[in-house]
Structure formats: C-alpha cells, structure tokens
Amino acid sequence: MVSSPSHGCIEKKHWWLTNKKIVDMYVKDARSLIASQEQSNIASALNLLDAALALSPRFEMALELKATALLHLRRFKEVADMLQDYIPSLSLKTASDDSSVSSSSSDNNSQPLSRERVKLLSAPTRSEQSFKCFSVSDLKKRVMAGIGKNRDKEGQWRYLVLGQACCHLGLMEDAIALLQTGKRLASAAFRRESVCWSDDSFTSSAVTFTFGNQPQTPPRAESESICNLVSHIKLLLRRKTAAIAAAEAGLHSEAIRHFSKIVDGRRGAPQGFLAECFMHRASAYRSSGRIAEAIADCNRTLALDPSCIEALSTRASLFETIRCLPDSLHDLEHLKLLYNSILRDRKLPGPAWKRQNVGYGEIPGKLCSIAVKIQEQKQRVGSGELGNVDYYALMGLRRGCSRSELERAHLLLTLRHKPDKSTSFIDRCQFADERDIDSIKDRAKMSALLLFRLIQRGYTNLMRLVLDEEASEKQRKKSCAANDVQLHQQQHSISSSKPKSVNVKMVKRSHHHQVENKNNAFQGVFCRDLAVVGNLLSQAGFNRPIPLKYEALSC
C-alpha cells in the first residue's frame with residue numbers, strides 16, 4: 001500500500017523530479033488503489049489525489065479519480081460540492097437570479113428544466129498546433145491523438161459521476177438529466193472508437209497508444225448498474241408526478257396512494273427525495289382531514305431534514321388547527337430561530353445545491369408574520385385556552401360519535417403511530433451520510449412518542465365524554481321507561497273502569513226495556529178486554545156511563 005504523502009515531502013522533493021512527474025506518479029498509484037475496491041485503499045488513494053491536486057489543481061485525471069473515490073466512499077455531498085457548477089438546477093437557479101438582478105426578461109424562468117438550456121460542460125476548444133516537421137513517427141502519433149482525442153476538454157465523466165451523486169442526494173431531476181446525457185455521450189464515444197479502430201483504419205498492431213484525455217467507455221457491470229439506476233429514477237419520478245397531479249386535481253386519496261407507493265416501496269429511495277415525498281403526503285393528509293397522519297409525516301420529514309421550513313410551518317398550523325397551542329408555539333419558536341439564523345448567515349440552510357421552498361428575500365416578511373402569530377397564541381394561552389384541544393379533529397371523528405367508532409379509530413391510530421414502529425421508514429431510506437442514522441432515529445422516536453401520547457390523551461378524554469353521554473342516555477331511557485310504565489298503568493286503570501259503567505247502563509237499559517215490554521203487554525190485554533166488554537154492553541142495551549180511571553187509558 002502506498003502511504004499518503006505529506007506536504008513536507010512535496011517541498012523536499014528531489015531536484016530531478018518535476019511537479020508533472022510527481023503528479024503522474026500520485027495519479028498512477030491512486031488508480032491502482034481505487035481498482036482494488038477496498039475502503040482503506042480508496043481512502044489512501046484520496047490522500048494521494050489531494051496531494052496531486054495541491055500541485056496541479058486543474059489536472060483532469062486527478063479530478064476524475066477523486067470524484068470516483070468519493071463516490072465509492074459514499075461521500076456524495078463532497079462530490080456535489082466539488083462539481084456543483086455542473087448541477088443543472090443550480091445553474092438554472094443562478095441564471096434566473098442573475099436575470100432578476102439585471103431586470104432582464106424573465107420568460108426563461110418559467111420554462112421547465114431541460115438539458116439544452118443548461119450548459120453542463122464548457123464549449124469545445126480546438127486549439128491545434130501546427131506541425132514543426134514531417135517525421136513519420138511524429139505524424140503517426142499526432143494522427144492517433146487526433147482520432148482518440150476527447151472533443152470536450154473538461155471530460156465527460158462528470159455526467160455519470162455527478163448523476164449518481166445527485167441521485168443519492170435526492171436531486172432526481174438533475175440525476176436523470178445527467179445520467180441520460182452521460183449514457184448518450186458514452187454510446188457516441190464508443191461508436192466513434194469502434195469506427196476509428198476498425199481493421200481498415202490507420203493503426204499499428206505493434207504500437208499501443210494511450211491517451212489521458214481519451215474518453216473511457218464504462219465497464220459492462222457499471223453500465224448495467226447505471227441503466228438500472230436510470231430506470232428506478234424514472235419510476236420514482238413517474239409516481240411523484242402522478243401523485244402531484246392527483247393532489248392538484250383534488251383527488252387526495254389518490255395522491256396519498258401514489259406517495260405511499262414511493263415511501264413504502266420494496267426498493268429504497270434517497271433521503272432527500274423521501275423527505276420531499278413525506279411532505280407532499282402530509283399536505284394530502286391535511287386536505288383530506290386526517291390530522292394525525294399529517295403530523296406523523298411532518299415528524300418524519302423533520303427527522304430526515306431538521307431544517308425543513310415547510311415541515312415546521314405545516315406542523316405548527318396543524319397543532320393550531322386542533323388548538324394544541326403549546327406544541328404550536330414550540331414549532332413557531334423553532335421556526336423563528338431558523339429565520340434569524342438565515343438572516344444572520346445571509347444564506348439559506350444547507351449547501352448551495354439543496355432545494356428550498358422559500359427564497360432568501362421572503363424571510364424578513366415571514367419572520368414578521370411569525371412574530372405576530374407567536375404573540376397571538378401566547379395571549380390565547382394566557383386567556384385559558386390551554387386545555388381546549390379538539391381531539392375529535394385529531395382522531396378524525398365526528399362529534400357525538402359512538403363508543404365503537406372511537407375504539408376503532410383509536411386502534412387504527414395506535415397501530416400506525418406506535419413508537420416501536422416509528423423508525424421503520426429508515427430501513428427503506430438510502431442515506432447520503434451513514435453517520436446521520438443515529439440522530440435521525442432519535443428524532444423520529446421522540447416526535448413519534450409525543451404524537452402517541454397526544455393520541456392516548458385524546459382517547460382518554462373522548463372515552464370519558466362518551467361514557468358520560470352513555471350514562472346520561474341510559475338515565476334518560478330509564479326515566480322515559482318509568483314514565484311509560486306509569487302512563488300505561490293509568491291508561492289501564494281508566495280502561496278497566498269504563499266497562500263497569502257501561503255494563504250498569506246496559507243492565508239498566510235492558511231492565512227498562514223489559515218493564516216497558518211488560519207494560520205494553522199489560523196495556524194490550526187491557527185494551528182488548530175493554531173492547532170486548534164495551535161490545536157486550538152495547539148488545540145488552542146498557543146505556544148508563546161507566547166511571548173509568550185515566551191510567552187505564554194510557555194505551
């Protein structure tokens with residue numbers, strides 16, 4: 001193993017060694033160390049390349065090997081910092097900022113990202129020197145150099161190396177543009193090389209020429225891995241585009257389904273891309289009225305990216321919606337400190353290539369609005385609104401829900417937001433730096449525990465209310481039942497007394513009819529007998545009056 005040189009050794013080099021020879025030696029040793037694919041050897045090669053770049057900062061081969069070594073060591077942020085001038089979105093952002101400062105036309109700012117509008121590599125320069133003599137050997141070397149010469153002096157390796165780094169950092173649009181361009185240029189270089197080195201070309205089998213600037217075709221395994229990476233990026237971008245389109249169309253459940261396919265997929269996704277998808281899904285959950293799920297996604301976003309301004313502001317507004325003012329005040333104070341640090345440092349948090357949802361010019365206005373909101377919430381807390389939390393909105397229930405609905409909602413929320421499962425999304429996350437995993441797990445566990453306690457507190461309060469309502473309903477039903485029994489007894493007593501009076505009347509009425517019938521019978525017999533007696537008296541010639549009572553004439 002070649003030990004890394006020190007700057008003292010560079011200063012005390014032998015007089016017959018020039019800087020170019022030392023740089024070539026370091027680059028050759030570094031190449032052999034990188035080819036071993038061992039982490040310790042790659043770290044040593046990186047030290048050699050740093051020493052070579054200290055002597056020759058613009059040496060292309062040393063830059064390519066350093067970027068490759070950083071990529072093998074999974075130090076993607078350093079690759080992006082090293083080649084940030086070639087990131088398409090950053091170049092586009094810089095161009096738009098320059099155009100806004102100079103008050104030029106802003107039509108280009110609204111156009112989508114394209115490879116044609118972003119100048120990834122410098123323009124080709126063709127500064128060819130004239131031949132000093134017509135030596136046959138010199139002519140052969142120059143012809144072969146002209147055939148194998150790279151048309152881009154800065155090298156095409158930046159596309160593939162920077163594209164892979166951007167993919168692992170979550171810059172998917174930049175990664176797909178860089179990788180596709182790199183694949184196209186590599187294929188074109190391979191075709192040119194195959195044409196130039198055909199059997200009828202001007203070649204010599206005895207002499208093998210190597211050129212430092214000649215573009216090397218990537219190995220087959222590396223080419224296949226790049227193709228698989230490109231297909232995976234395309235799949236993620238298609239799902240994200242479909243989810244955003246569904247959210248803009250108002251189909252929030254469809255947007256949630258698409259984002260869930262990304263964050264719960266079998267194949268992992270980069271850390272930055274997952275944080276962005278969690279934030280979009282939180283907005284979809286909020287629009288569909290699922291407050292607990294929206295808060296959980298904001299927690300995951302902040303675990304992956306603690307300086308995400310959108311996640312902090314969204315979570316603060318969610319806590320304010322359910323009137324959980326202490327947690328909302330905590331997030332607003334954190335957001336205020338973040339705004340103050342941005343104004344102090346005069347730049348947005350994170351590296352220059354990191355995507356931000358707010359501009360630096362918007363920070364002062366947002367800081368003033370945050371200060372006003374903090375003051376209002378402090379006044380509300382002072383007026384006694386501390387414990388007036390809307391647990392119905394937190395658990396997604398209607399007011400006056402039944403006990404079974406509450407238990408079902410509590411069971412689902414408990415299973416989804418259990419603190420033991422709070423770090424399950426980390427298994428499907430591809431981290432840009434493995435050293436951040438422990439801190440991410442701690443933040444995820446803490447925020448999930450706070451949400452779980454809030455859900456349990458909401459379940460306890462709502463269950464007490466439901467039990468009170470059930471007890472009052474039971475008492476009301478009991479009193480109603482007693483009133484119904486009393487009313488039924490009264491009606492029964494009234495109904496039982498009515499038939500007696502009716503029977504008495506009927507008996508009286510029947511007895512009267514019987515008496516009347518008897519009287520009628522007697523009256524009929526009396527009249528008949530009276531008629532017979534009168535007839536007999538008239539026949540006998542009895543003309544004297546007979547005294548009668550008027551009762552006898554009642555017939």
Side-chain angles (χ1 to χ4, degrees), residues 239 243 246-247 251-269 271 274-304 311 314-315 317-319 321-324 327 331 389-429 437-438 440-467 469-470:
R239 287 178 174 174
L251 304 174
H252 303 296
S253 59
E254 190 73 12
I256 292 170
R257 185 176 66 85
H258 284 295
F259 282 123
S260 299
K261 284 184 178 180
I262 297 175
V263 300
D264 299 331
R266 289 179 295 178
R267 185 173 177 178
Q271 176 182 350
L274 273 185
E276 187 177 355
C277 291
F278 277 128
M279 192 63 251
H280 283 297
R281 195 173 71 169
S283 301
Y285 275 134
R286 181 183 181 182
S287 300
S288 59
R290 300 169 66 176
I291 305 298
E293 283 82 0
I295 295 175
D297 278 347
C298 289
N299 293 339
R300 297 186 185 101
T301 304
L302 290 171
L304 295 172
T314 302
R315 192 171 69 174
S317 62
L318 287 170
F319 282 130
T321 301
I322 61 175
R323 295 193 295 273
C324 188
D327 294 332
D331 286 340
V389 182
D390 188 5
Y391 292 113
Y392 288 102
L394 174 65
M395 305 188 72
L397 295 171
R398 59 177 179 82
R399 294 187 177 275
C401 63
S402 63
R403 184 175 181 178
S404 60
E405 293 176 349
L406 176 59
E407 290 178 350
R408 180 177 180 276
H410 172 256
L411 178 61
L412 292 176
L413 291 176
T414 302
L415 292 176
R416 288 174 184 170
H417 308 295
K418 204 171 183 180
D420 298 338
K421 298 181 179 180
S422 60
T423 58
S424 60
F425 71 97
I426 297 178
D427 299 334
R428 296 181 293 272
C429 183
I437 297 180
D438 293 335
I440 291 174
K441 286 184 178 180
D442 293 339
R443 288 194 295 267
K445 287 181 180 179
M446 183 59 65
S447 57
L449 182 60
L450 294 176
L451 178 60
F452 185 76
R453 288 178 179 175
L454 184 62
I455 291 173
Q456 297 301 320
R457 190 162 60 247
Y459 172 72
T460 303
N461 292 335
L462 292 183
M463 182 56 73
R464 184 172 62 250
L465 293 177
V466 168
L467 291 177
E469 290 180 359
E470 287 182 355

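Residue indices begin at 1 and follow the sequence shown. Values in this document were obtained by computation on a predicted structure and should not be read as measured data.
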For [X] and [Y], indicate whether the former's side chain and the latter's backbone hold a donor-acceptor pair under 3.5 Å.
X      : Y      : answer
Thr314 : Ala311 : no
Arg323 : Val389 : no
Arg398 : Gly400 : yes

Check the pair Ser447 / Leu302 against side-chain contact (heavy atoms from CB on, under 4.5 Å), numbers first and verdict last.
CA-CA 9 Å; Ser447 57; Leu302 290 171; over 6 Å; no
Decide salt bridge (charged side-chain N to carboxylate O under 4.0 Å, His left out) for Asp442 and Lys445; before the verdict, give the C-alpha distance in whole Å, the side-chain angles of both, and the deciding distance to 0.1 Å.
CA-CA 5 Å; Asp442 293 339; Lys445 287 181 180 179; 5.6 Å; no
Do NZ/NE/NH1/NH2 and the carboxylate oxygens of Asp297 and Arg300 come within less than 4.0 Å?
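Salt bridge: yes.
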Glu405 and Arg408 ion-paired at < 4.0 Å:
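A salt bridge is absent here (no side-chain N lies under 4.0 Å from a carboxylate O).
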Nearest 0.5 Å please: distance from the [atom1] atom of [X] over to the [atom2] atom of [Y].
X      : Y      : atom1 : atom2 : result
His258 : Leu251 : NE2   : CG    : 9.0 Å
Leu462 : Leu394 : CG    : CG    : 8.5 Å
Ile295 : Asp327 : CD1   : CG    : 8.0 Å
Thr460 : Gln456 : OG1   : CD    : 6.5 Å
Phe259 : Ser283 : CZ    : OG    : 8.5 Å

Give the C-alpha distance, both sets of side-chain angles, the deciding distance and a yes or no for side-chain contact (heavy atoms from CB on, under 4.5 Å) between Ile440 and Gln271.
CA-CA 11 Å; Ile440 291 174; Gln271 176 182 350; 3.7 Å; yes
According to the ring pair (Phe, Tyr, Trp, His ring centres under 6.0 Å) rule, which pairs have a member within residues 391-412, sequence neighbours left out?
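Pairs touching residues 391-412 that pass the test: His410-Tyr459.
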For residues 416-426, please give each side-chain donor-acceptor pair under 3.5 Å, one per line with the distance, not counting sequence neighbours.
residue: Arg416; atom: NH1; partner: Glu293; partner atom: OE2; Å: 2.7
residue: Ser422; atom: OG; partner: Pro419; partner atom: O; Å: 2.7
residue: Ser424; atom: OG; partner: Lys421; partner atom: O; Å: 3.0

CE of Met463: more than 12 outside heavy atoms within 6.0 angstrom?
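Yes, CE of Met463 has more than 12 neighbouring heavy atoms, counting only those of other groups under 6.0 Å.
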Side-chain donor-acceptor pair present, Arg281, Ser260, cut-off under 3.5 Å:
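Their side chains do contain a donor-acceptor pair, which is all the 3.5 Å distance test asks for.
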Will you find, in the side chains of Arg315 and Asn299, an N or O donor that is under 3.5 Å from an N or O acceptor?
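Looking only at side-chain atoms, Asn299 and Arg315 do form a donor-acceptor pair, the distance falling under 3.5 Å.
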Verdict with supporting geometry, Arg464 and Leu467, side-chain contact (heavy atoms from CB on, under 4.5 Å):
CA-CA 5 Å; Arg464 184 172 62 250; Leu467 291 177; 5.8 Å; no
Quick one: do Cys429 and Leu304 satisfy side-chain contact (heavy atoms from CB on, under 4.5 Å)? Show the steps, please.
CA-CA 10 Å; Cys429 183; Leu304 295 172; 4.1 Å; yes
